[in-house]
Structures are given as C-alpha cells and as structure tokens.
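Structure first, then comments.
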2 protein chains.
Amino acid sequence: MIKDVARLAGVSHQTVSRVLNNHDSVRQETRERVLRAVEQLHFRPNALARGLARRRSGAIGVVSFDTLLYGPAATLLGVERAARRVGYGISIVAVERLDRDGLAEAVDQLVAQSVAGLVILAPVTTAVAAVRGLPVGVPAVVLESDQVDGLPSVSVDQRAGARLAVEHLLGLGHRTVWHLSGQPDWIEARSRIDGWRQSLAAAGRVAPPVISGDWSAQSGYAAGCELAARRDVTAVFCANDQQALGMLRAFRERGVRVPEDVSVVGFDDIPEAAYLSPPLTTVRQDFDEVGRRCLGQLLELLEPGERPAGAGHPAVAPTLVVRASTGPAPVRP
Amino acid sequence: MIKDVARLAGVSHQTVSRVLNNHDSVRQETRERVLRAVEQLHFRPNALARGLARRRSGAIGVVSFDTLLYGPAATLLGVERAARRVGYGISIVAVERLDRDGLAEAVDQLVAQSVAGLVILAPVTTAVAAVRGLPVGVPAVVLESDQVDGLPSVSVDQRAGARLAVEHLLGLGHRTVWHLSGQPDWIEARSRIDGWRQSLAAAGRVAPPVISGDWSAQSGYAAGCELAARRDVTAVFCANDQQALGMLRAFRERGVRVPEDVSVVGFDDIPEAAYLSPPLTTVRQDFDEVGRRCLGQLLELLEPGERPAGAGHPAVAPTLVVRASTGPAPVRP
DNA sequence: CGCAGGGATGTTATCGGTCACATTCGACGG
DNA sequence: CCGTCGAATGTGACCGATAACATCCCTGCG
C-alpha cells in the first residue's frame, strides 16, 4: 500500500515513510508531492504493520473494571479523551474479577498487542496487591489506587474530599458526622473513611461507627432506614451520590426531613445531584482532569521531554458543591 | 518468538502456528509437546503480527459517542461483555460529533487497525445519514439507530417501550399522556415520540404537544416546572429516567404530588430508579441483550455458520417496571 | 582541483506471525 | 510389489510498514 503511494509520488517507499513520520531531511517539495499522493489515494498507514515494525502500537492499553459505576466510567472516558487528544488510541480490557490472575491475564493480552503504555484502573485492594507483584515491562500508570512502588499513580485526593465534607458539616454546627462508606474493598472507600475519621479527630469529635455500603442506592436506602431510627444522627457523609440518593429516599419515607433534621453530603457530583430532593450537597471529582494527568504521566514515560507542560501533580483536588441537602444542626430539644 | 517455541518443541514454526490455531492434522502427541513449550515459555502470539498476516485483527471496532449517558454507556459495556465472551477484543473510538466527517474519520481509523468487524453506535440522525453514505468495506452492525440499508442493526424496540408506558397510564384511567422527549436529533427520542403518539391514537386519545428535552435531569426539571402550572396534566411519560428525576424534583418543589396528582413514567430503569421519591415506574431496556445480539449478528457475518445459536431477533423487547410513581388518575373536581 | 561532510534518497533486512505449496512417510488397493 | 493418496510436517514467500545502512550529490575548504 505504501508502495502505491511511493510509485505515484515517484519516490521510494522509505521516503513516503519518512514523510508520514515527519522525519526531517526530506525536501519540502518532495514532502508535498508525497502528501499529495497520500491524499489522492486516500491512504492510511496500516496500524498493525506499523506497530509490528516499531515494536509498539499507537495505542494505550487500559485495564478497566466491568462496571457501570459513575466513577470508573467517568474516569475511563476522561482517559479516552485525553489519549485521543495526544494522538493515542486506547485498547480496553474490562476485567470481571480484579485479582491476581485476572489482572495478569489482562495485562498479557494488552502486551501481546504491543501497546505503548498501560493504564491500570485498580480501585480495589486485590487489584493493588496484584499490581504490586506484576512484572509489567511496559510503562504503566495506576489510577484511583494506592501507591504502588515503582509505578506512578494518579487519583483524586479522597482524604481531602472527605475533609471538605466533614468540615462543611461541622462548620454548620453538627457535633459529629456519620459515614456510610463504599464497598469496603475499594481503595477509595477506605480513603474516604480515613479522611472522614481524621477530620473528626482533628476537630476533637467522636467518630461514630462506620456503616458499610456497597456504592449502590440500595445500600444507601438500607443505611438510611437504620439511621432514621436514631435521634442522635444529624449529619451523614455518604461515600457516593448513589448512596446519598438511596438515603434521601429512606429519610423521606420515614419522615426525616433533610436538611432540617439531618444533613446529607454525597460524593462525585453526578449530573443528577442538583435535581434530587433536596438538591444534594456533594464533593465534586474532576475525572477529566484525572484522565489528563494520567496521560501526562504516561507520556512522560513514553516520550521523555517531548511535550512541554508536564504532568502536574498526581493528586487531583476535589471541590465541595454546596446545595440544599445540608443545613445548620437542629437545635437539641 | 514463535521460533523459540518451535525450537523447544523440536518442530517447525509452522507446526506451532497450526497448534495455536487449532488446525487439524497435527498429531496429538506433537500438539501436546508444542503446548507444553508454549506454557513453559509463557508464550503469547503477537497480536499485531498475527493480524498483519491474516489481514484482520482479533478486535472489533466500536464507534461510540463521547458521552456518559446511561444508555450508550450501558450498551457499550454490553457489547464489550459479549465480545469478550466470544474471544474478541474491542477497540473503541469515541467521536465528539457524529456527523459525516467524524464518523468517516473514526471508521477509517478502525479500518486502519484491520478490525475484523465494526459496531457503529449511531443514535443521532446525522450519524444515520453519515452511515448511509459510508463505503464501509468491513462487516458492520449498527446499534440504536434507524434501519440503514445493507447493514444489519440491533436495538431495543422503542415504540414498544413507549406503548408499554402509555398503555399502563391509560389503563390507570388517565385521559391522555404528556410526553417529555429526549434530545430531538436522537433516533430513540423520535421512536419514543412515535410510539407514544401511536398508542394514544390507537386508544382514540388526543396527544398533547411534545415537550422537548435533552435527556438531562435539568431538562426534566424545566419541563416539570412548566407542567406543574397546568391543571390538566395527570400523566407524563419521560423519555428517560434522568428527565423523570428532574421532573419529580420540580413537582415536589411546586407541591404537585406524585402519583396522586400526576403520574410519571421514565425510561431505561437506571439502578437508582427504585430509590427515587417516589420509586419510579419505568421501562426497562436490556442493554446486555442488545450487546449479545449485536455480536451475534456480527459473528454471523464474520464466521458464517460457525456458531450454533444464531443472532436472534434484532429488536429487543423492553419491559415495564411498575413502581410507585404511577397511580390512578385523580378524580376530576 | 580533490576530498571531507552532510542532506536527500534508495536498498535491503526485519518485525512475528500466517499462507501456499513442497515434502515425507505409512497404509492400502490393484 | 508398486503406485497413489492423505495425514503430518517443513520451507520459503509474504503481510505492510520501519530501521539500519548504503549511495548519491552538492557544498565548502585546503
């Protein structure tokens, strides 16, 4: 195929290759002639051949999680967007169980495709453990995970997010804040628990027991039913918006008013958050930014010193979005 | 690499290739010897080389839409799952604008990767038009779209879904049903409008004017504000659950009770639907099934007569999930 | 004027597999 | 006993690009 172009342009195939890869040392006029031929034949270099010869394809492999949860999905989209903008394709392998074998299998599969780099979405503890023992052999970045030695990682600063939520609530006069956590084997769930606990401790408050959820609205509802029965609960920090949604439902059903009786804060700022009843105060994560920094880090490894503006700090700062689900602590009877 | 395996097994590289591709006419004993060597060397055939030689990679290209909307995201996941199960990888290109150029670009890019087949998620009218004029040259299936001549397509039967919603509401005694549509240039939005209108017509009811939304909770809220002002509205069919969510919010804010004053039906059955206030009656779409049938159709084209059970009908039937947001029509004052 | 040096281009090997065809060998029928 | 046939395996070309090295030609300098 490249030969057709070469023939039409009256040059060797190698010269065509040079033009396609913006090699210098091609005369301007020749370059134009070649480009014209490319245009005319509607030529697209075969990605497989190119990858084979270069020993590296133009794609970045993403190991992802077989889920529709908002966070992972948004992160994935962020990575895809960022990759697209810097000229990389992405090849996704969604894994059902993020354990040792599943992850190794996924990585193998991607390496067999000669991906240039790897993005590993490792939000659960088993995945982190698996990544630790993995001989990757390809530049890789870990997302939404704990530190894995040797591998750069990018994530939203969950502790900071939790702190925003807690401090907001304490600032409103609540004596303490309850917490409905995410699925316990998720790193983010743990970090939010940590952040919540630390913030309470820093303010000298007693932390109530953690209530364990699983990210679902269902678990938020269940927790809400429990908490509604207690008179001493005035503020709850939910580990994500879906859970908050379920909790709002439980409270309404049981006649607990939000925010008059209990304040609720979520996490994520899903697009619907502003339209719940009441509109949800929540911690916003910028997943696009995560994707961008992730690719920044990866490019640093792939093409050292090429792109100008570097990766930026690997921890993305969340922000608090105050809406109507939080209010002053009720006056004690 | 394959030569290393060949050497270790004491056979020619071609024999190794035969084993890897389950060719017959390899002695059982030889096969085992080769497999042992493969195991021992932890060998993985290079996907690029294989694809290059075969002129067809082991991946299916998916042209998708740069969005986080539940429907497309769920469909994508469904396709990914189905592909994984039949041993294909998927290569996704998310397009920002699904017009002629964007689509052609995406398809080109995927074809340059020698994808075995193409799945085109073409939910908007411009995309359909673009696909029509596209010289694809690769087996392709169109998803969530209108009929495109020549290309098989798979989608949920939107009209049937709308009918379920409308008939449910009429069955509850409502005289007519209002409709908040999705973004007007989406095929699904139009089909739901059609289905809604047809069902009303079939029952001899007058269809109120369509209210145009854009799938977002925000638009549902806006529409809700409008409708809340009218005394003659007793039933609304929203084109998706997000819109319904926004509408519920608007109604609550304005003191319109659901379902006592107005019944609301959504579409999609997002996981949160059961936990809205009130729990949302909605039309459930089985996106996994869409993915499965899509891949069934595609495999039919890729490997004719190989897989046993065929594709199944290309129209997936939605189901109605009745919850608490719908009820008997209020008695007229 | 001859030669070193570097820019522009061409030639050939190579990436890691598969494909098409050649070869070997044992079994079987005439 | 020999020719034929098909199963099992090997050989070399080829997929479509890039990499490494070779070549050519023009310029500048001693």
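What you see below is based on every heavy atom in this structure, not just the backbone, and it leaves out hydrogens, waters and symmetry mates.
- With 3.5 Å as the limit, one finds no donor-acceptor pair spanning the side chains of Asn46(A) and Arg55(B).
- Out of dC15(C), dA19(D), dG17(C), the shortest distance to the side chain of Arg54(A) is found at dA19(D).
- Judged by distance alone, with hydrogens and angles left aside, the side-chain atoms of Ser114(A) form no donor-acceptor pair with the main-chain N or O of Ser57(A) at under 3.5 Å.
- Distance Arg55(A) CZ to dT18(D) C1': 11 Å, rounded to the nearest Å.
- Comparing Ala53(B) and Val26(B) against DNA chain D, the residue whose closest nucleotide sits nearer the 5' end is Val26(B).
- The backbone N or O of Ala94(B) lies less than 3.5 Å from a partner atom in the side chain of Arg84(A), making a donor-acceptor pair.
- Nearest to the side chain of Arg27(A), among dA17(D), dT9(C), dG17(C), sits dT9(C).
- Heavy atoms of Asp24(B) sit nowhere under 4.0 angstrom from any nucleic acid atom.
- Whole-Å rounding puts the Gln14(A) CD to dA13(C) C1' distance at 12 Å.
- If you measure from atom CG of Asn22(A) to atom C1' of dT18(D), you get 14 Å, rounded to the nearest angstrom.
- Spacing between atom CD1 of Ile2(A) and atom P of dC14(D) amounts to 18 Å, rounded to whole angstrom units.
- Using a 4.0 Å heavy-atom criterion, one finds that Thr15(A) contacts the sugar-phosphate atoms exclusively.
- Checked by atom type and distance alone, the side chain of Arg56(A) never pairs as donor or acceptor with a backbone atom of Ala116(A) at under 3.5 Å.
- For His13(B) against dT11(D), a side-chain-to-base donor-acceptor contact under 3.5 Å is absent.
- One interatomic measurement links the two molecules: CZ of Arg7(B) to C1' of dG16(C), which rounds to 14 Å at whole-angstrom precision.
- Comparing dG16(D), dT11(D), dG17(C) by their closest approach to the side chain of Phe43(B) singles out dG17(C).
- The CE atom of Met1(B) sits 13 Å away from the P atom of dC15(C) (whole-angstrom rounding).
- Comparing Ala49(A) and Arg50(B) by the nucleotide of DNA chain C whose heavy atom lies nearest to each, the residue mapping closer to the 5' end is Ala49(A).
- The phosphate of dT18(C) (OP1 or OP2) has a side-chain N or O of Asn21(B) nearer than 4.0 angstrom.
- Residue Ser17(A) places at least one side-chain N or O under 4.0 Å from the OP1 or OP2 atom of dT18(D).
- We find that CG of Leu48(B) is positioned 9 Å from C1' of dG16(C), with the value rounded to whole Å.
- Side-chain proximity of Leu52(A) to the nucleotides dG10(D), dA8(D), dG16(D) is greatest for dG16(D).
- Look at Ser25(A) and you won't find any side-chain N or O under 4.0 angstrom from OP1 or OP2 of dG7(C).
- A salt bridge is defined here as a Lys NZ or Arg NE, NH1 or NH2 lying under 4.0 Å from an Asp or Glu carboxylate O, and Arg293(A) with Glu300(A) fails to meet this definition.
- In this model, a side-chain donor or acceptor of Arg18(B) finds a partner on the base of dG10(D) within 3.5 Å.
- Side-chain polar atoms of Gln28(B) and Glu32(B) form a donor-acceptor pair below 3.5 angstrom.
- Rounded to an integer number of Å, the gap from Gln113(B) CD to dA17(D) C1' is 15 Å.
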